[in-house]
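What you are looking at is a predicted structure, and each value in this text was computed from that prediction instead of being measured. Below, chains carry the letters A, B, ... as their sequence lines are ordered, and counting in each starts from 1.
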Amino acid sequence: MIVMTLLAYHKDRLIADRRCIVELDTNHVQQMFNATKIFTSKCGRMAFGICNYMPSPEQFPFIEEKLMAVVLAMESADDYDKMQSARDVAAKAARDLKNFSGGAESYYIVMTRKWVYRLNMTHSTPWKMVQAHIPYAVGSGASYFLAYVFEDKLTPEKALSATSRRDPLVSPEHDVIMRSSLHPIVFV
Amino acid sequence: MTAVLTTAPAIILHDGVIHFPRTLYDYIGNSVDLGLESLFTTAGFVIPTEMASLSMIDEITMGATIHSEHMRQNWTAILITNSEMVHLWQSYWVQDESRNHIMRTPIPVGETFVFSQDAGLGDTVRAMMDVYSNDVEMALAAVSRMKPYFTKNYYHIPLKKFDAEDVRKISRVFSRPEDCAMNKFLDKVISQS
């Protein structure tokens with residue numbers, strides 16, 4: 001089992017710490033201190049973060065392909081039939097990703113210039129849009145983080161630092177991807 | 001001998017003061033009497049040990065155990081206090097084994113400690129205390145804005161001023177013997193105090 005400790009979206013950015021706990025067996029865990037959890041797709045049009053699963057470099061193309069398929073289906077859906085089709089694509093992608101990760105109950109946050117999505121393998125409806133103005137976080141430090149950013153008391157970066165002081169599983173080192181750094185997806 | 005029964009989304013110990021809720025809100029915003037056990041299953045006893053014999057504490061612990069078994073669910077907290085230490089007892093119902101486990105955590109009175117059945121809620125309260133520089137009332141108000149079902153109506157009781165008469169007043173408000181087995185023990189404890 002892999003525990004990734006904090007992955008969040010707030011204020012037009014994906015943010016994640018770099019700590020990762022790998023449960024080797026019932027008595028032993030290994031901590032990784034430089035585990036990047038957020039990535040930008042090769043095309044630069046999508047960013048995504050993964051919590052509770054750490055893919056190998058060879059697995060990234062598959063994950064990126066599945067997430068991009070959902071994003072393209074969702075963002076091109078401008079009528080009822082296309083929306084139904086997009087839901088089917090999303091459901092299949094969720095199943096494929098879950099099988100691919102060996103059934104791990106992983107979480108994804110996917111961000112484009114237009115929308116933000118969350119993929120929660122533990123939910124019956126795993127894909128959901130995230131309202132851009134509402135902070136969203138998963139992982140062991142999520143409750144701390146969401147409280148720190150509530151009513152804009154702290155910026156996401158400062159909230160993550162504060163969370164790391166309260167939750168020893170969360171590292172102060174973190175990565176950020178700004179939404180403004182992504183290229184828009186254009187359909188012709 | 002004194003005891004307080006409460007169901008609580010969070011019990012907070014900070015700077016020698018115990019904070020516990022007066023009311024709860026359900027998910028549609030109704031104010032709920034604390035005697036109802038069905039919404040939140042955390043229960044807390046606050047027992048100043050200077051006034052309690054060990055046998056009485058045992059009896060209350062047993063009451064909590066019976067309560068836990070009676071409710072067939074989760075956490076019960078018993079806070080046994082003296083002027084130096086709070087002992088948090090948690091009775092945890094294990095569904096698979098059809099029995100409960102008891103865990104005990106000693107906490108120095110000067111420490112800040114947030115207990116909640118919902119670990120995420122405990123973290124939220126603790127973070128808000130950071131944001132509001134450990135002003136518990138401000139922190140609880142912020143949590144209630146963030147989570148509408150979380151009450152901001154808390155008792156704030158300094159442990160040193162915690163006496164039997166205060167507890168009796170609170171207990172008269174919240175003690176509902178028909179609600180759970182634990183309240184029968186509460187009544188007995190109060191009658192003998």
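Surrounding NZ of A/K128 are at most 12 heavy atoms belonging to other residues, nucleotides or ligands under 6.0 Å away. No more than 12 heavy atoms of other residues, nucleotides or ligands lie within 6.0 Å of OH in A/Y80, so this atom counts as exposed by the packing criterion.
In the hydrophobic cluster analysis, where Ile, Leu, Val, Met, Phe, Trp and Tyr join through side-chain heavy atoms closer than 4.5 angstrom, B/V131 is grouped together with B/V114. Two different hydrophobic clusters hold A/M111 and A/M74 under the rule that ILVMFWY side chains link at heavy-atom gaps under 4.5 Å. In this structure, A/I185 is a member of the same hydrophobic cluster as A/M129, with clusters built from ILVMFWY side-chain heavy atoms closer than 4.5 Å. At a threshold of 4.5 Å between side-chain heavy atoms, the hydrophobic network of Ile, Leu, Val, Met, Phe, Trp and Tyr places A/Y117 and A/M121 in one connected group.
Here the straight-line distance linking atom CE of B/M129 with atom CZ of A/R166 works out to 8.5 Å at 0.5 Å rounding. Note: A/F145 CZ to B/T124 OG1 = 12.5 Å, rounded to the nearest 0.5 Å. Distance check: B/K147 NZ to A/L146 CG gives 7.5 Å after rounding to the nearest 0.5 Å.
Nearest heavy-atom pair across A/F150 and B/M128 is CD2-CE, 3.4 Å. The two residues B/A127 and A/A147 have their closest heavy-atom pair at CB-CB, 3.5 Å.
With a 4.5 angstrom heavy-atom cutoff, A/S140 touches chain B only via backbone atoms. Proximity to chain B (any heavy atom under 4.5 Å) is shown, for A/Y144, by both the backbone and the side chain.
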